[in-house]
Amino acid sequence: MSFSTKIYANALAQAASARLDGARLRRLIEAKTLADAFKMLGDYGFSYESGMTVDGFIIAETNRLIEFVEDAAASKKAADALTARFWYNNVKLAYKSRFTDVPADGYYNVGDYAAIAHGDYDAASKRLAAALEELDAAGERSPQAIDLKLTRIMYEDVLACGIQSVRRYFKAEIDLKNILAAARMRKLGVRRDELVRGGGVPVSLIEEAMNADGFADVLQNTRYAELVERLDDDKFAELWSFELASDDYLYCLTDSTVANMTSYAPFLNYYTQTLIELKTLKTALVCIKTDARDMFYKRMPALYKD
């Protein structure tokens, strides 16, 4: 892979990331109606059509992200790693469609998942095919169990990409999701096998924290100590705030080296910013729809608090 290819991909990513900022977001949240908000987003360069719904908007924009990554990433391995979460969403829905109704518009425009719905795994990777066959053999019908099984396989696939910066990003994502899952189980007073291996923090340490008197104390020597302290401080009352902080962490993880145009970092930064952008816009649109605009500012990511 030549450096010039990475530079070109990064330049495209930086140009594509200039659609939303704090000022535009504040103007959006003050839109009188949802229809006005969608028109405003269309002016900003987002997807727009008359009668658009919140879910329809998010799906359309996610598909645009997928198309951009597949077209512009500096390598197929990088593109496959970054679109894996969307491909595996399709796999999960296709598998569950055999025994339950799934939303027809819930699929993203990535990969050929139709065969999986009919039990044909020939086109799947060996790792994925083996996991699907295990689900078949167990007669698994629990959506939660299916999702967890396939999420674990997804991260195995992603971490096998061989790109150090991409691996670093997803290892951090695994850690943050594991900590959140542990905090949620701690709050609910339940213990389930929900953690994913492959992160930088051993699963055993997160399990220890989940069962210890001081959740943050057990994790104080990890890179997430400051984030975890917030969980202890509010006694796990507002887990959504940890999700926001996790997004900010991943953004900063890639933003710190964004000037290195011969690395994958600027492209990863665009990818992360777009994922945060889509979450933020969904929250904003729902707040407009339900006339709960004040609530939005409480959940506004630090990225847009300029």
Side-chain angles (χ1 to χ4, degrees), residues 17-66 85-86 89-90 92-93 96 100-109 143-144 147 151 173 176-177 179-181 183-185 187-188 227 230-231 233-251 271-306:
S17 64
R19 295 185 299 177
L20 192 67
D21 57 22
R24 284 183 166 183
L25 194 54
R26 289 181 181 88
R27 286 198 294 272
L28 177 72
I29 198 66
E30 296 306 322
K32 292 182 179 179
T33 67
L34 196 58
D36 290 339
F38 283 131
K39 288 179 182 178
M40 194 178 298
L41 287 171
D43 292 339
Y44 293 162
F46 291 89
S47 301
Y48 173 72
E49 61 182 43
S50 179
M52 182 170 263
T53 65
V54 174
D55 287 342
F57 171 82
I58 296 300
I59 290 170
E61 279 301 312
T62 301
N63 284 332
R64 287 180 70 176
L65 170 61
I66 292 167
R85 69 178 79 243
F86 310 118
N89 168 82
N90 291 349
K92 292 170 185 176
L93 288 180
K96 287 182 279 191
T100 190
D101 291 333
V102 299
D105 60 355
Y107 294 96
Y108 299 116
N109 294 341
Q144 293 80 8
D147 286 348
T151 295
E173 182 176 280
L176 292 166
K177 287 183 179 298
I179 291 170
L180 179 61
R184 184 176 291 113
M185 287 188 280
K187 179 179 180 178
L188 296 174
L227 297 182
R230 300 181 197 176
L231 288 172
D233 289 344
D234 71 10
K235 302 186 186 305
F236 309 99
E238 297 184 325
L239 296 184
W240 61 264
S241 66
F242 183 82
E243 293 186 69
L244 273 181
S246 296
D247 287 342
D248 291 337
Y249 181 94
L250 291 172
Y251 180 79
Y271 172 81
T272 309
Q273 181 176 344
T274 304
L275 292 180
I276 295 172
E277 184 177 84
L278 292 178
K279 288 183 184 178
T280 304
L281 287 175
K282 185 171 185 177
T283 301
L285 291 169
V286 169
C287 287
I288 294 168
K289 183 178 180 179
T290 58
D291 196 21
R293 290 169 176 78
D294 291 345
M295 179 63 68
F296 172 76
Y297 291 104
K298 186 177 181 181
R299 302 196 177 208
M300 188 173 178
L303 174 62
Y304 300 111
K305 293 178 179 177
D306 51 16

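Note that the structure is predicted; figures quoted are calculated from it, not measured.
Side-chain contact of T151 with K92: a donor-acceptor pair under 3.5 Å is present, judged by distance alone.
The minimum heavy-atom distance between L244 and P301, with the atom names listed, is CD2-CG, 3.9 Å. Considering every non-hydrogen atom in both N89 and G106, the closest pair reads ND2-O, 3.0 Å. Considering every non-hydrogen atom in both F38 and V54, the closest pair reads CZ-N, 3.8 Å. Residue V102 comes nearest to L93 through the heavy atom pair CG1-O, 3.7 Å, listed as atom of the first residue, atom of the second, then distance. Here the closest heavy-atom approach between residue N63 and residue N109 is recorded as OD1-N, 2.8 Å. What you find for L34 and L285 is that their closest heavy atoms are CD1-O, 3.5 Å.
Counting heavy atoms from C-beta on, the side chains of K96 and D147 come closer than 4.5 Å. Using a 4.5 Å heavy-atom threshold, the side chains of M40 and E30 count as separate. Side-chain contact between S246 and L180 is absent, with no heavy atoms from C-beta onward closer than 4.5 Å. For the pair K282/L278, no side-chain contact is recorded, criterion being any heavy-atom separation below 4.5 Å from C-beta on. In this structure, the side chains of L281 and L25 come closer than 4.5 Å at one or more pairs of heavy atoms. Side-chain contact between E243 and K279: absent, with no pair of heavy atoms (C-beta onward) separated by less than 4.5 Å.
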Steps toward side chain to side chain contact (heavy atoms under 4.5 Å, CB included) verdict (L41, Y48): CA-CA 7 Å; L41 287 171; Y48 173 72; over 6 Å; no
Pair L20-Y304, side chain to side chain contact (heavy atoms under 4.5 Å, CB included): steps then yes or no: CA-CA 9 Å; L20 192 67; Y304 300 111; 3.9 Å; yes
Residues S47, R64; criterion side chain to side chain contact (heavy atoms under 4.5 Å, CB included); working and verdict: CA-CA 9 Å; S47 301; R64 287 180 70 176; 3.3 Å; yes
Verdict with reasoning, L231 to L239, per side chain to side chain contact (heavy atoms under 4.5 Å, CB included): CA-CA 7 Å; L231 288 172; L239 296 184; 3.7 Å; yes
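For the pair R24 and Y44, the distance from NZ or CZ to the six-membered ring centre is under 6.0 Å and the angle to the ring normal is within 45 degrees.
Taken from OG1 in T272 to OH in Y251, the straight-line distance is 9.0 Å, to the nearest 0.5 Å. Separating the CE atom in M300 from the CD1 atom in I29 is a distance of 9.0 Å, to the nearest 0.5 Å. Distance OG1/T62 to CZ/F57: 9.0 Å, rounded to 0.5 Å. Expressed to the nearest 0.5 Å, how far CD of E173 lies from CG of L250 amounts to 6.0 Å. Remark: R26 CZ to F296 CZ distance equals 8.5 Å, nearest 0.5 Å. The CZ atom of R85 sits 10.0 Å away from the OH atom of Y108 when rounded to the nearest 0.5 Å.
Using a cutoff of 4.0 Å between basic side-chain nitrogens and carboxylate oxygens, R19 and E61 are scored as salt-bridged. Taking 4.0 Å as the cut-off between side-chain N and carboxylate O, E238 and K298 count as a salt-bridged pair.
A donor-acceptor pair is defined here as one N or O able to donate and one able to accept, closer than 3.5 Å; such a pair exists between the side chain of R293 and the backbone of A31.
Test L65, T280, D247 against L275 for side chain to side chain contact (heavy atoms under 4.5 Å, CB included) and you get one pass: L65.
Within a 6.0 Å radius of NZ in K289, no more than 12 heavy atoms belonging to other residues, nucleotides or ligands are found. Heavy-atom contacts from other residues, nucleotides or ligands closer than 6.0 Å to CG of D43 number more than 12.
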